[in-house]
Every structure is written in C-alpha cells, then in structure tokens.
Amino acid sequence: MLDIKFIRENPDVVKENTANKNASADIDKIISLDQRRREILSLVEQQKFERNVNSKQIGDIKKAGGDASQIMNDMKVISESIKSMDTELREVEQKRDEELLKIPNMSDEVVPVGKNETDNKEIKSWGLVRDSSHGLDHIAIAKKLGLFDFERGAKVTGAGFSFMTGKGARLERALINYFLDSHSENGYSETIPPFVVNEDSMRSTGQLPKMAEDMYHAQIDNLYLIPTAEVPLTNLHRDEILQDSDLSIKLCGYSPCFRREAGSHGKDVRGFLRVHQFNKVELVKFTRPQDSAKELQSMLSDVEKLIQGLGLSYRILLLCSGDTSFASSVTYDFEVWAESEKSWLEVSSCSNFKDFQSRRANIRYRPKGKVSEGKKISPEFVHTLNGSALATPRILVALIEQYFDGTSLWIPEVLRKYTGFDRID
RNA sequence: GGAAGAUUCGCAUAAUUGGUAUUGCAGCAGUCUUGAAAACUGCCGGGCGCAAGCCUAUGGGGGUUCGAGUCCCUCAUCUUCCGCCA
C-alpha cells in the first residue's frame with residue numbers, strides 16, 4: 001500500500017508508475033475520497049471534543065448534586081450526529097482503501113520501464129550454456145533411477161503431486177539442509193513457520209484478495225495453506241513496533257509451498273516444472289529504510305553462492321517494470337540452465353518491497369535519533385525484503401539433467417555430506 | 001466439545017456506586033563527567049497539527065449510556081478442570 005500523502009502530493013508520478021506496471025487504479029477517485037474523508041474527520045472531531053467537554057461537565061454537576069438534564073438532552077443530539085458521521089467516515093474510508101489496494105508499489109529508479117519478460121535486463125551470467133550429452137530429460141532420468149513417483153502421487157492426491165522416493169527423497173532433504181546450513185552461516189535465523197495461516201495474514205502480504213483462486217483453503221477453519229513461507233515469516237511482526245537495535249532482522253525458513261496454479265493448465269506442466277506442492281527455503285529481512293538497498297545486494301550474493309556451490313549455470317535478471325510483481329519495488333530473478341529442457345528455469349526471485357508490505361501489515365520501528373525539545377520520535381515503517389533460497393523442484397530438474405552421465409547421477413560435492421552417497425545409479 | 005478464571009505501554013502494576021488510564025522498572029535524549037556509573041531534567045500507546053492543541057487507545061468486534069477499563073453480547077488467545085481421540 002502506498003502512503004496516501006505521497007499520492008496526494010504526486011498524483012501524476014503515481015499514475016505513470018501504475019501504467020508502467022500494467023496495473024490500473026483510479027487515482028483521482030482516491031484523492032477525492034481522501035479529501036472527503038478529511039473533511040468529515042475534522043467535523044466529527046470537533047463534535048467529539050464538544051462531547052468530551054460536556055460529559056465532563058455533567059459529571060461535575062452530578063457530583064455537586066445539581067441537575068444536568070438540560071445538557072444531557074442537548075448531548076443526545078450531538079451523540080446521534082457523531083454516530084452517523086462515524087458511519088459515513090467508515091464508508092468513505094473503505095471505498096478509499098479498496099481503491100488504494102489496487103495501486104502497485106512504486107518502482108525503484110534502477111528498474112527499466114518495460115512491458116513484459118522480454119524487456120528484462122540480464123545483469124550477469126555464470127557457467128556454460130550447453131546441450132545435454134545424454135539427451136534424456138529429468139523425467140526420463142528420474143524414472144530410470146527411481147527418484148520420484150508421479151503416477152502414484154496422482155493416484156493418492158491428484159495431478160501435480162508426487163512422491164519423492166528413496167535416494168530421490170534423500171537428495172531433496174540434502175538440498176534443504178544445504179540451503180538452511182548456508183543461511184545460518186550467513187547470519188539468518190532459522191525458522192520453521194506454520195504451514196497454514198489465517199485470512200488476516202494472507203491479506204497483509206497481499207495474497208488476498210487477488211490470489212484467492214490460487215490457494216488451497218480449509219473452509220471449516222477459514223485457514224489457507226501457504227503458497228510461500230514469505231507469508232508467515234513477514235506476518236511474524238505484523239502490528240508490531242520494533243526497536244532500532246532489533247534491525248536488520250534476517251530470517252530463513254523452510255516450508256512446503258502449496259499452489260493451485262488455477263488457470264495455468266497446459267503450461268510447463270511436465271514433471272517438476274510446475275507442481276502444486278514443493279519445498280522451498282525462503283529468506284525474509286526487516287530493515288531500516290536506509291539499509292534495504294544494501295540488504296538486497298547481500299541477499300543476492302547469498303543466493304548466488306548457493307547456486308555456484310551446486311555448480312549450476314545461471315543468469316541474474318533485473319526485472320522490468322511490467323514484469324515486477326505488484327508489491328515489489330525492485331526484483332532480481334535467478335534462472336538456472338536446464339540442459340535437456342534447453343531453457344532457463346526461474347529458481348529464485350529476490351525483491352525489495354520497501355515500505356509497501358509493512359504499511360499494509362503495520363510493521364514499524366522506532367528510529368534512534370535526537371529528541372529535541374521534548375518532541376517524541378514517531379515510529380516509521382520498516383522495509384521488507386524476501387527471496388527464495390531456493391525452491392527445490394527446478395533446481396532438481398537442472399541438477400538431474402546436468403549431473404547425469406548416461407548411467408549415474410552424480411551428487412554435487414556440497415551435498416554429499418547430507419546424502420551420504422556420491423551418486424545414484 | 002463443556003465449565004471456570006484471566007487479557008490495561010516492552011515488563012510489572014493502579015483506577016470508589018460507570019465521570020474520561022496511575023505508578024514503578026526498562027528504554028530514549030540531555031546536563032554533569034577525561035570516560036562510565038550515580039544523580040538530576042525531559043520524553044516515554046497511536047494518529048493529526050508549524051504550534052497551541054485536538055482526536056483516539058485498556059485482546060478484536062458490536063451494544064447500552066450524555067459519558068464505558070468498569071455493565072451487556074460476541075469472537076480470539078492464555079491458564080485450570082472435565083469429556084473425547086491418539
């Protein structure tokens with residue numbers, strides 16, 4: 001959510017940014033609703049002041065044993081008026097916020113303006129982009145080696161769910177351990193969040209109302225299965241005021257992720273390219289505003305080290321305005337090269353949301369600073385960042401295709417202490 | 001699932017028959033000091049305002065009332081007990 005004050009003062013900038021992000025929102029409507037809101041607010045506050053003064057007077061009169069019925073009658077009228085104005089105020093606020101939630105975050109100045117993924121800017125690539133020597137894709141290899149069982153996954157649950165079996169399951173667990181251990185070394189605090197969350201949490205990170213169709217929903221308890229650990233991790237500090245000394249907070253968390261992928265049937269559905277349940281380790285940071293740019297860079301290098309450790313070829317993209325998500329100000333994607341698929345697969349997305357999520361989730365901190373002449377320091381919104389580090393399915397696809405030599409799947413060195421074996425055959 | 005009790009600032013606490021949220025600790029800024037501690041001064045729930053000041057706030061939502069921490073309804077969470085299940 002953007003600051004209403006900022007919108008009021010820079011309507012044209014907001015309009016242009018909204019268009020560049022392929023979104024639409026009625027900025028003028030918001031401004032006029034906000035103006036109306038402030039008019040009502042000042043009127044109703046005057047009346048409340050009057051009510052408070054008179055109520056106090058009534059108390060004093062009664063305490064002195066006098067008759068206050070005249071004032072009390074007058075007050076009834078004012079109270080009614082306050083009640084109806086409060087109702088109107090709430091209606092106007094609701095309409096304003098409804099529209100306000102449609103405005104995307106302001107793009108960072110480094111973000112190139114563009115329509116879609118073809119306008120993204122490659123800022124780095126590493127490793128060889130080559131074709132596979134064996135010609136088998138990850139599905140064929142996995143079948144041959146018995147790593148996964150897609151058919152029985154479909155029987156037990158449905159399409160898009162699979163069993164990981166034997167050494168395949170072990171490999172999956174090794175990846176997760178490798179990710180988590182690396183993050184702990186880099187100063188992230190390990191967290192295992194709840195895998196289901198309530199409606200408020202989904203709302204504050206922005207999954208609701210827009211993405212309702214894409215989530216699994218347990219109706220009896222009105223709880224949602226998380227599509228990413230970003231949701232519980234960011235909500236961890238919802239409605240809190242943090243201390244300056246607490247920041248930056250760096251969290252890493254493992255969770256399974258559940259996505260209905262409504263409307264995406266027929267697109268990348270083969271094997272592990274697009275599934276309804278997968279494992280991911282997520283990074284989340286809460287920072288002071290002045291630190292967030294630097295923290296995004298360090299997050300990128302934390303993710304990069306993981307991929308390099310696995311020996312996969314990758315590239316880093318700076319997303320253009322049209323491809324950057326609604327809530328993000330600036331996003332970098334990591335893509336790894338899959339030899340048999342002959343394509344780049346997105347394995348991580350690191351974003352700086354600045355104060356967009358924190359305003360919505362009401363996460364603030366108390367800045368350290370000079371207190372001059374008894375003026376208190378107002379809390380400010382923190383900046384939030386998150387990044388996948390990493391999601392396992394597409395890492396597995398690239399890894400299986402690259403490390404298979406025709407008979408054996410060789411395990412990257414960094415994983416061997418977790419798997420306990422050096423190859424699968 | 002049922003019963004009883006509880007929820008007030010980061011922590012701890014006070015608030016007559018309903019009369020407008022107290023105090024302590026911690027914290028922050030400053031004075032003093034070579035530096036620190038102590039002591040002292042100011043701030044210390046949130047919002048608006050250049051300011052004076054105003055509004056708001058006692059777990060969430062609603063109600064009664066001129067006025068609600070206090071009375072009523074409802075939901076959430078915690079504690080204890082009972083029941084059920086593993």
Side-chain angles (χ1 to χ4, degrees), chain A residues 1-9 30-31 33-94 96-97 100 193-194 196-204 208 218-224 232 235-247 249 286 288-290 355 358-382:
Chain A
M1 193 189 288
L2 291 184
D3 185 1
I4 182 70
K5 222 185 272 176
F6 178 81
I7 298 172
R8 208 151 58 207
E9 287 160 12
I30 293 169
I31 291 173
L33 281 168
D34 182 58
Q35 194 176 348
R36 176 76 188 131
R37 189 193 85 95
R38 288 188 296 152
E39 282 165 14
I40 301 170
L41 192 63
S42 97
L43 285 174
V44 80
E45 285 196 351
Q46 276 173 36
Q47 293 205 326
K48 284 180 177 175
F49 174 55
E50 199 176 335
R51 179 178 72 182
N52 288 344
V53 170
N54 286 332
S55 289
K56 180 119 181 100
Q57 205 180 341
I58 290 169
D60 291 342
I61 291 172
K62 283 199 165 181
K63 216 178 268 179
D67 175 23
S69 55
Q70 181 58 47
I71 308 182
M72 280 166 69
N73 279 332
D74 293 347
M75 288 300 293
K76 265 182 196 168
V77 179
I78 292 179
S79 272
E80 282 308 312
S81 158
I82 289 173
K83 206 175 271 186
S84 74
M85 283 171 96
D86 266 341
T87 306
E88 193 187 346
L89 188 66
R90 233 173 310 167
E91 284 166 6
V92 172
E93 250 166 25
Q94 203 183 336
R96 181 196 66 170
D97 291 345
L100 203 52
V196 283
V197 301
N198 60 30
E199 211 179 321
D200 285 343
S201 296
M202 283 301 186
R203 209 169 285 284
S204 73
L208 286 176
Q219 287 187 344
I220 280 192
D221 298 302
N222 194 23
L223 296 174
Y224 293 83
N235 273 280
L236 187 66
H237 293 298
R238 167 153 55 91
D239 294 322
E240 290 184 17
I241 298 175
L242 303 165
Q243 294 305 312
D244 182 86
S245 56
D246 294 337
L247 302 174
I249 297 175
F286 301 88
R288 299 177 194 91
Q290 65 270 28
D355 60 2
S358 62
R359 181 171 289 107
R360 192 153 163 167
N362 193 26
I363 307 169
R364 293 174 291 177
Y365 81 110
R366 218 175 283 283
K368 215 177 193 144
K370 298 227 179 267
V371 175
S372 56
E373 293 166 23
K375 232 182 170 180
K376 64 180 177 182
I377 312 168
S378 297
E380 286 177 18
F381 292 108
V382 299

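Every chain is numbered from 1, with letters handed out A, B, ... down the list of sequences. Here the structure is a predicted model, which means the values were calculated and not measured.
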Which of B/rC55, B/rU20, B/rG47 is nearest the side chain of A/S55? It is B/rU20
Set out, line by line, the N/O atom pairs under 3.5 Å between protein and nucleotides 57-63 of chain B.
| from | atom 1 | to | atom 2 | distance (Å) |
| --- | --- | --- | --- | --- |
| B/rG62 | OP1 | A/R90 | NH1 | 3.3 |

Rounding to the closest angstrom, what is the interatomic distance between B/rU80 and B/rA26 at atom P?
32 Å
For RNA chain B, what are the stems built from at least three Watson-Crick or G-U pairs in a row, each pair having both distances below 3.5 Å?
B:1-7 with B:76-82, B:10-12 with B:23-25, B:27-31 with B:39-43, B:45-48 with B:53-56, B:59-63 with B:71-75
B/rC48 OP1/OP2 closer than 4.0 Å to side-chain N/O of A/S42
no
Does A/N52 make a side-chain N or O approach to OP1 or OP2 of B/rC54 shorter than 4.0 Å?
no
Distance, C1' atom - from B/rU58 to B/rC71, rounded to whole angstrom:
16 Å
Any base atoms under 4.0 Å from A/R38, or only sugar-phosphate, or nothing? Heavy atoms, all strands.
nothing
Check: protein-nucleotides 7-14 of chain B nitrogen or oxygen pairs below 3.5 Å:
none

P atom, B/rG24 versus B/rA57: distance in rounded Å?
25 Å
A/I58 near the nucleic acid: base, sugar-phosphate alone, or nothing, with a heavy-atom cut-off under 4.0 Å?
base
Counting distance only, does the side-chain N/O of A/N198 pair as donor-acceptor with the main-chain N or O of A/S201 below 3.5 Å?
yes
Looking only at B/rG47, B/rU56, B/rC66, the nucleotide nearest the A/K48 side chain is B/rU56
Is A/N73 touching bases, backbone alone, or none of the nucleic acid, heavy atoms closer than 4.0 Å?
nothing
Reckon A/M75 touches a base, only the sugar-phosphate, or nothing at all at heavy-atom distances under 4.0 Å?
sugar-phosphate
Considering just the side-chain nitrogens and oxygens of A/R51, establish if one lies under 4.0 Å of OP1 or OP2 belonging to B/rC54.
no
